[in-house]
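Here is the structure we will look at, set down as structure tokens.
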2 protein chains.
Amino acid sequence: MATINDVAEKAKVSVVTVSRLLNHPEVVNAKSAEKIHKAMEELHFQPSQIARSLAKRRTNTLGVVMPDVKNPFFNKWFRCLEEYATIHQFSMLLCNTDDDPEKEMRYIKLMQAHRVDGIVIVPYAKKSIEYLIKSGQKFVLVDRIFKDLEVDFVTTDHFRGGYEATRYLISLGHRRIAVLRGEGYIFPDAERYSGFQKAMQETGIQIDENMIMNCGLDEGKAYQQTKELMNREERPTAVFSFNGLMSLGFIQAVQEIGLSIPQDVSLLGFDEIQGYGIFRPKVTHVIQPIKSLGEFAFDMIAERIKKADSVRQQIFLKPLLIVGDSCIQI
Amino acid sequence: MATINDVAEKAKVSVVTVSRLLNHPEVVNAKSAEKIHKAMEELHFQPSQIARSLAKRRTNTLGVVMPDVKNPFFNKWFRCLEEYATIHQFSMLLCNTDDDPEKEMRYIKLMQAHRVDGIVIVPYAKKSIEYLIKSGQKFVLVDRIFKDLEVDFVTTDHFRGGYEATRYLISLGHRRIAVLRGEGYIFPDAERYSGFQKAMQETGIQIDENMIMNCGLDEGKAYQQTKELMNREERPTAVFSFNGLMSLGFIQAVQEIGLSIPQDVSLLGFDEIQGYGIFRPKVTHVIQPIKSLGEFAFDMIAERIKKADSVRQQIFLKPLLIVGDSCIQI
DNA sequence: TATAAAATGTTAAGCGTTTATCATAATTAG
DNA sequence: CTAATTATGATAAACGCTTAACATTTTATA
């Protein structure tokens with residue numbers, strides 16, 4: 001591949017002028033610029049980001065470390081981040097940890113070896129974050145945070161999401177509310193649950209611990225738990241499901257049992273279901289401002305890259321309750 | 001961040017020895033190796049991939065250019081590729097084209113600027129591939145190919161998938177078979193349809209063009225088309241849906257109309273449905289060897305990187321028909 | 001202990017850029 | 001036409017590593 005020298009030669013200017021055009025186009029005059037551009041075209045020249053990175057100590061690339069792009073929430077978020085970052089001339093190195101602490105650590109170090117300018121991470125282990133801090137790495141946390149760590153982050157206000165959803169169910173007259181939740185020690189899940197608790201307490205409703213179902217992460221577990229739950233003598237009148245996949249498992253199980261939503265049980269879900277647009281009844285659900293989660297994440301890391309000592313930012317974004325037809329007044 | 005010089009100094013060896021350890025560990029003896037490793041640890045040293053890349057003219061990174069990670073098929077594939085590539089010490093720069101030719105072109109050039117060792121691409125525009133060829137870029141095509149282009153590729157044998165699925169439906173006695181297809185000019189879709197045609201012709205069944213429904217890409221269109229299709233006087237006895245999202249749209253529409261699968265209509269889908277594991281009836285579907293698509297893609301590009309003149313590889317992988325309960329004999 | 005082999009060091013160039021400094025040339029203004 | 005501006009050039013060092021060639025030291029072997 002052609003180098004800057006080849007371009008200079010072909011355009012009959014010095015390499016310095018070419019470099020100037022690349023980095024400070026305003027200081028080279030129109031004629032030269034044109035000659036150089038022409039030479040670049042002809043040679044299919046693309047300045048080596050590698051060499052530039054080395055010289056400028058800036059790679060213009062971001063490391064994105066997340067649990068799993070297969071997860072619909074994360075892949076939507078990633079796309080938003082990518083789109084926004086691309087506009088700002090950043091590329092992304094992507095890796096998936098599967099919530100495995102060792103992978104997470106390994107990948108973080110890999111990103112550092114690549115000298116990414118910053119890391120955007122949806123973390124799993126606190127230890128990883130402590131390492132990031134102590135190694136002086138610039139980074140921002142997304143979605144999952146650690147309350148006692150003084151770092152930049154942007155996340156949905158999961159507590160509020162859980163709270164408002166629950167209040168909504170209560171306002172419809174529901175008292176026996178079941179919860180399909182995931183890994184309780186992960187921030188979003190824990191917060192949503194706290195929100196749920198608060199709403200229940202505030203309104204003086206006793207939480208029935210037997211109706212708090214732990215469903216891991218996938219729809220299979222939620223499906224099984226639902227079968228068990230809905231075949232009890234005393235069924236819940238409403239179910240609050242903590243993510244889209246669980247909602248799916250719930251719906252399927254309920255259908256098989258021969259019950260219907262919302263006549264027999266109301267459903268309120270967190271996040272969307274893949275292909276949800278056509279589901280009937282439309283499920284009432286809490287959505288997260290995914291686009292903003294991507295854009296804030298970028299803005300924050302960009303800011304931090306610009307000045308290491310810029311003020312710390314901790315942003316909680318408001319979730320939104322989308323009312324469908326899956327919850328009824330009782 | 002510490003450099004190789006700092007390490008050398010701390011370990012009281014020359015930089016060359018450190019470099020040797022990094023690149024040809026077999027030539028440095030155990031004691032020195034240990035000293036150096038210790039120094040690296042203490043300094044949190046990570047060799048700069050940037051500097052290494054520049055010196056070695058090798059980045060050990062792959063550019064992955066694909067339509068959209070949000071697509072369940074692609075994100076599964078990407079994960080397989082990532083996992084396998086990581087084992088072989090490759091990192092991945094990822095970008096999504098949304099099947100926009102201009103984005104595709106821009107991203108390809110971006111990858112080149114980053115001097116990726118190779119590009120793995122699920123292409124959209126033929127023009128992009130022609131550019132790749134003429135610029136001497138090393139690359140492999142995945143899933144979507146151009147038959148008249150002499151390049152490395154790995155893809156599912158979509159023709160065979162379409163053919164075998166159709167033969168299966170025919171073997172169950174179906175004659176009025178409808179197809180929910182997507183963008184016909186994209187290779188997989190076109191091939192699946194050709195396979196369908198061949199099977200129909202071979203068995204002397206007339207294709208009813210009115211039952212070939214174009215559904216774009218999303219479940220919404222498939223949903224609408226299904227509603228139209230299934231409300232006709234003469235309904236198909238079976239439907240062959242070309243992807244998971246469409247199957248979803250179909251299922252929902254059929255349910256709403258009040259028909260059931262497979263009693264009123266059989267369904268055979270290509271690819272899986274998100275959360276399909278719990279769907280009842282289990283839908284009969286053709287699956288692609290996603291893992292192999294990832295691993296072959298990597299092996300091929302790795303081979304090509306090793307020797308530019310290695311023999312061209314064009315691989316068609318066998319799809320697999322998974323029989324569920326969504327198709328019945330009539 | 002002499003000799004061969006293995007490990008390390010020294011030096012230097014190179015990868016493709018950027019950037020600073022200073023000098024010179026071209027253009028514009030007065 | 002001269003002085004002030006503006007644009008370019010020449011030169012060189014730097015970014016952090018690799019690699020080759022050769023010299024020297026250390027270790028193992030006979």
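Below, read A as the first sequence line, B as the second, and so on, with proteins coming before strands; counting in each chain starts at 1. Predicted model, so just to flag it, every value in this text is computed and none were measured.
- When distances are taken from the side chain of B/Val16 to each of D/dA10, C/dT10, D/dC17, the shortest belongs to C/dT10.
- Comparing D/dT18, C/dT17, C/dT10 against the side chain of B/Ser14 picks out C/dT10 as the nearest.
- Proximity note for A/Leu22 (side chain, C-beta onward) versus C/dT18, D/dG16, D/dA7: the nearest is C/dT18.
- In this structure, B/Leu21 atom CG and D/dG16 atom P are separated by 20 Å, rounded to whole Å.
- The distance between atom CZ of B/Phe45 and atom P of D/dG16, rounded to the nearest whole Å, is 11 Å.
- Using a 4.0 Å heavy-atom cutoff across all strands shown, A/Val28 reaches sugar-phosphate atoms only and no base atom.
- Atoms CG (B/Asn5) and C1' (C/dG9) sit 14 Å apart, rounded to a whole Å.
- When distances are taken from the side chain of A/Lys56 to each of C/dG9, C/dG16, C/dT18, the shortest belongs to C/dT18.
- Within the 4.0 Å cut-off from OP1 or OP2 of D/dT19, at least one side-chain nitrogen or oxygen of B/His24 is found.
- For A/Tyr124, the ring-ring contact (aromatic ring centres under 6.0 Å, His included) criterion is met by no residue, not counting sequence neighbours.
- Note on B/Asn23: a side-chain N or O is less than 4.0 Å away from OP1 or OP2 of D/dT18.
- Spacing between atom CZ of A/Arg58 and atom P of C/dT17 amounts to 18 Å, rounded to whole angstrom units.
- The shortest distance between the side-chain N/O atoms of B/Ser19 and the OP1/OP2 oxygens of D/dC17 is not below 4.0 Å.
- Counting non-hydrogen atoms of neighbouring residues, nucleotides and ligands closer than 6.0 angstrom, the CD atom of B/Glu9 reaches no more than 12 such neighbours.
- Using a 4.0 Å heavy-atom criterion, one finds that B/Val15 contacts no nucleic acid atom at all.
- A distance-only check finds a donor-acceptor pair linking the side chain of A/Asp6 to the backbone of A/Thr3 [under 3.5 Å].
- Aromatic ring centroids of B/Phe153 and B/Phe316 lie under 6.0 Å apart.
- The phosphate of D/dG16 (OP1 or OP2) has no side-chain N or O of B/Ser48 nearer than 4.0 angstrom.
- One atom, CD of B/Gln46, and another, P of D/dC17, lie 11 Å apart when rounded to the nearest Å.
- Regarding B/Lys31, its NZ atom lies at a distance of 13 Å from the C1' atom of C/dA6, rounded to whole Å.
- Taking atom NZ of A/Lys12 as the reference point, atom P of D/dG9 lies 12 Å away to the nearest angstrom.
- Between A/Arg52 and C/dT18, a side-chain N or O to OP1/OP2 separation shorter than 4.0 Å is present.
- In this structure a side-chain-to-backbone donor-acceptor pair under 3.5 Å is present from B/Asn75 to B/Pro72.
- Put simply, the side chain of B/Arg144 never gets that close to the backbone of B/Pro188: no donor and acceptor are under 3.5 Å apart.
- Picking from C/dC15, D/dT19, D/dT8 the nucleotide with the shortest atom distance to the side chain of A/Arg20 gives D/dT8.
- What separates CD1 of A/Ile50 from C1' of C/dC15 is a distance of 11 Å, to the nearest Å.
- In terms of position along DNA chain C, the nucleotide closest to B/Thr17 lies nearer the 5' end than the nucleotide closest to the other residue of the pair B/Leu54 and B/Thr17.
- Within the structure, a side-chain polar atom (N or O) of A/Asn29 is placed less than 4.0 Å from OP1 or OP2 of D/dT8.
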